[in-house]
Every structure is written in C-alpha cells, then in structure tokens.
Amino acid sequence: MILRSFAKINLSIHLLGKRPDGYHEIVTLMETVDLADDVAVSGQEKGTIVTCSDPAVPTDERNLAHRAADLVRDRCGLGDRGVRIHIEKRIPVAAGLAGGSGNAAMTLHGLNALWSLGLREEELMDLAAELGSDVPFCLYGGVAVASGRGEKVAWLDAAGSRHYVLVCPPLAVTAGWAYGRSKLELTKDGSCINLVSSVVQAGEVDRLASCLHNDLEPAVRAAYPEIDMARVLLTDAGLKGILMSGSGPAVFGLAPGRAVAERIADDLRERVEPSWRIFAVSSKSRREAGV
C-alpha cells in the first residue's frame, strides 16, 4: 500500500522552559500542507528494509520509519515479521517540515493495516509519541495545538483554507541544534498560543500574518544568512506573515490564494539556484481516523 505523508508548518512556536528529560517544554500551532512524500509499505519474510529516493536520507535504524517498524514489532510481539518500506521523497530533509516524522506516522498506519493489528487511535498515538515529538500530530494532521515536548495534541476546527509559498535554502538544520541555541523567556505560559489559534479557527487570514511567531528563528537566522535571504525573496514578492517553520531552514509566506502562490513560486525559482527548493502549498484537512 502507498500512503501520502504530508509536511507541516508551524504557525506559532513558543519555548516555555527546559524539562527534566532534556527536552524543551513548548506550545505550538501546527498545520498540514499538501506537499507530500509517498510511503509504500509491503510485506516480506522477515526484518526491515527501508529504501528512499533521496540519498541524503539514512535507511538504517536512524530512519524514523525503520524505528517505527521495529517498535510495532516489539510492542505487538511479532517476532521478526518482515516489512519493506520505500519512501519517495519530495519534502526537503531537515527543513523544519516534519518529513521524517510524517514518514514514521504513515508507517504506523501502514503496518496497522498490513499486519491486521487493529490498533486504535490512542494506541497509535502512544507509539507515535515514543518515536518523536512531531509524530503524533503527523498521524492525522490538519490543524492542532501541540504541547509538552510536542507529543500532546489537541486538534482544532479551522475555517477556510490558507495558502503559502515555501522557500527551502540548501541547508540541513537539526532540531536539537536549534533548540540548544535558542533563548528561553521564563515569563511565558501556554496562553501565548491563544490569539493565533482563535484567528485560524475563525478563518481570518488577513489577521493571521500579524500573529505568527517562532522562538527558534532568531538563533537560526543568526547562524545562517540564508534564512534572511529567503525572507527577502518572500518580502519582495509581496507576501505577508513571513516566518521560519519549526527549526528551519524552510521559510514561508502567506499568499492570498493558490493561483497567486503558484505564480510567485514560479517567479522565485527563476531567481535562485536549483539547490533552493520552492513550493506553492495549501492547508490540508485532518485525515480520517481509519487511515
């Protein structure tokens, strides 16, 4: 079977403090967009084999989809039951778009169906939380507020659609590095996410541009001038609400519609080196629970 593994962007992300387990306590508003990898899951006699169209992606135990298969086998007592996973990669790697997390989430869905496990949503969410902070959200996508280290997910009903232009400089930024370099403001609490959440729920796209925020962006911008270059490209194109997604380096800007986003993306591709990847994307609704 082949499952679509969608990218996400962070419309707002706030660091609230450092946790005893070494992670940061965060609150973030995330949205799925329609840029997607394909994850093909099929059976084999034993073991896990992962292949990927992008040679930059590891295919051993460092790969989250590989780890997802190992975790499911272990938790469900399946011995060495075999699976082959192929990832057709379109989402840029280590770009702040949760490409690897989405691949792992779709692997969980795929194995649940392939092996007829009958795992319920809450059981899949528990497995996803063991794999990584963004994996629980990526199981179903849509629009949600995530808290804790990102594994606690509360889905929202969001009115209307949103359209973006994504600019991905040729960099790979690890989340651990970005979090480690970012400064904490100790006066924050989770209420800082309320405004942007209410604006998205109401479908007030015109107000959304003034509500976007990312606590990780200053440190990444300071280290990588390409982030500012991406921001300038989007600003000069007339877009608003320009923000880095997650730990970067992907930067997005709000467009008034899909056709405008596509036109701007086409124009920007003519202005940059081929190593810069540029996409027109739109919001993607939540998956059905029975994926």
Side-chain angles (χ1 to χ4, degrees), residues 1-10 19 21 23 25-34 36-44 46-50 61 63-87 91 97-158 190 193 197 200-201 283-291:
M1 69 188 70
I2 299 176
L3 299 99
R4 299 281 278 166
S5 171
F6 293 99
K8 64 82 183 165
I9 58 174
N10 298 81
R19 296 158 50 106
D21 60 9
Y23 288 95
E25 191 78 17
I26 69 166
V27 61
T28 180
L29 180 67
M30 297 191 284
E31 173 159 62
T32 305
V33 294
D34 57 4
D37 298 335
D38 287 337
V39 179
V41 180
S42 57
Q44 62 175 15
K46 63 180 181 178
T48 301
I49 294 178
V50 176
E61 290 81 1
N63 186 287
L64 273 178
H66 194 298
R67 288 166 54 192
D70 294 344
L71 179 64
V72 169
R73 265 197 301 262
D74 179 62
R75 292 292 183 273
C76 297
L78 300 175
D80 197 27
R81 186 179 296 189
V83 62
R84 180 182 294 270
I85 302 162
H86 177 72
I87 303 166
I91 302 170
L97 301 174
S101 295
N103 297 163
M106 290 307 101
T107 297
L108 292 177
H109 281 304
L111 294 179
N112 193 29
L114 179 70
W115 291 340
S116 302
L117 300 176
L119 297 172
R120 301 184 303 275
E121 180 174 334
E122 59 268 27
E123 294 172 304
L124 289 169
M125 290 288 286
D126 287 343
L127 291 170
E130 288 191 51
L131 291 166
S133 299
D134 288 335
V135 183
F137 169 76
C138 291
L139 275 171
Y140 299 106
V143 178
V145 172
S147 58
R149 58 177 172 82
E151 83 287 3
K152 300 174 184 176
V153 185
W155 274 276
L156 306 179
D157 291 323
I193 208 76
S197 298
V200 171
Q201 285 179 287
S283 55
K284 187 82 175 68
S285 60
R286 185 181 174 184
R287 290 175 181 269
E288 295 298 321
V291 171

**Q** Within a strict 4.5 Å, meaning less than it, do heavy atoms of the Leu114 and Met1 side chains meet?
**A** yes
**Q** Where the side chain of Ser5 meets the backbone of Asn103, is there a donor-acceptor pair that is under 3.5 Å apart?
**A** yes
**Q** Go through it in stages, so that I can follow the logic: the residues are Leu111 and Val41, the test is side-chain contact (heavy atoms from CB on, under 4.5 Å), and I'd like the CA-CA distance, side-chain angles, deciding distance and then a yes or no.
**A** CA-CA 7 Å; Leu111 294 179; Val41 180; 3.9 Å; yes
**Q** Taking atom CG as the centre, does Asp74 end up with more than 12 heavy-atom neighbours from other residues, nucleotides or ligands that are less than 6.0 angstrom away?
**A** yes
**Q** Distance check, rounded to the nearest 0.5 Å: Glu31 atom CD versus Ile9 atom CD1?
**A** 5.5 Å
**Q** Which heavy atom in Ala69 sits nearest to a heavy atom in Val83, and how many Å separate them?
**A** CB-CG1, 3.8 Å
**Q** So how far is it from Asp38 CG to Ile2 CD1, rounded to the nearest 0.5 Å?
**A** 6.0 Å
**Q** Between Arg73 and Asp70, does any NZ, NE, NH1 or NH2 come within less than 4.0 Å of an OD or OE carboxylate oxygen?
**A** yes
**Q** Mind listing the closest non-hydrogen atom pair of Ala128 and Leu139 along with its distance?
**A** CB-CD1, 3.7 Å
**Q** I'd like to check Tyr140 versus Val153 (side-chain heavy atoms, cut-off strictly below 4.5 Å). Are they in contact?
**A** no
**Q** Using modelled atom types only, decide if a donor and an acceptor are shared between the side chain of Glu151 and the backbone of Arg149 within a distance under 3.5 Å.
**A** yes
**Q** In sequence, state the C-alpha distance, the side-chain angles, and the governing distance for Arg75 and Glu123, and then conclude on salt bridge (charged side-chain N to carboxylate O under 4.0 Å, His left out).
**A** CA-CA 10 Å; Arg75 292 292 183 273; Glu123 294 172 304; over 6 Å; no
**Q** For the residue pair Trp155 and Phe137, does the interplanar ring angle fall in the parallel (under 30°), tilted (30 to 60°) or perpendicular (over 60°) class?
**A** parallel
**Q** Taking C-beta and beyond as the side chain, do Arg84 and Thr48 meet within less than 4.5 Å on heavy atoms?
**A** no
**Q** Locate the shortest heavy-atom distance separating Leu71 from Leu127; write the atom from each residue and the value.
**A** CD2-O, 3.5 Å
**Q** What's the separation between atom CG in Leu78 and atom CG in Leu117, rounded to the nearest 0.5 Å?
**A** 6.0 Å
**Q** Hey, could you give me the NE2/CG distance between His109 and Leu119, rounded to the nearest 0.5 Å?
**A** 10.5 Å
**Q** For Asp134 and Lys8, what are the C-alpha separation, side-chain angles and deciding distance, and is it a side-chain contact (heavy atoms from CB on, under 4.5 Å)?
**A** CA-CA 9 Å; Asp134 288 335; Lys8 64 82 183 165; 3.7 Å; yes
**Q** Measure the OG1-NZ distance between Thr32 and Lys284 for me, rounded to the nearest 0.5 Å.
**A** 8.5 Å
**Q** If I compare all heavy atoms of Asn112 with all of Gly118, which pair ends up nearest, and what's the gap?
**A** OD1-N, 3.2 Å
**Q** Output the distance between atom SG (Cys138) and atom CE (Met30), rounded to the nearest 0.5 Å.
**A** 7.0 Å
**Q** Is the closest side-chain heavy-atom distance between Val200 and Leu156 below 4.5 Å?
**A** no
**Q** Looking at every heavy atom in both Leu108 and Ala68, which two are closest together, and how far apart are they?
**A** CD2-CB, 4.1 Å
**Q** Locate the shortest heavy-atom distance separating Ala65 from Thr107; write the atom from each residue and the value.
**A** CB-OG1, 3.4 Å
**Q** Can any side-chain N or O of Glu121 pair as donor or acceptor with the backbone N or O of Leu124 at less than 3.5 Å?
**A** no
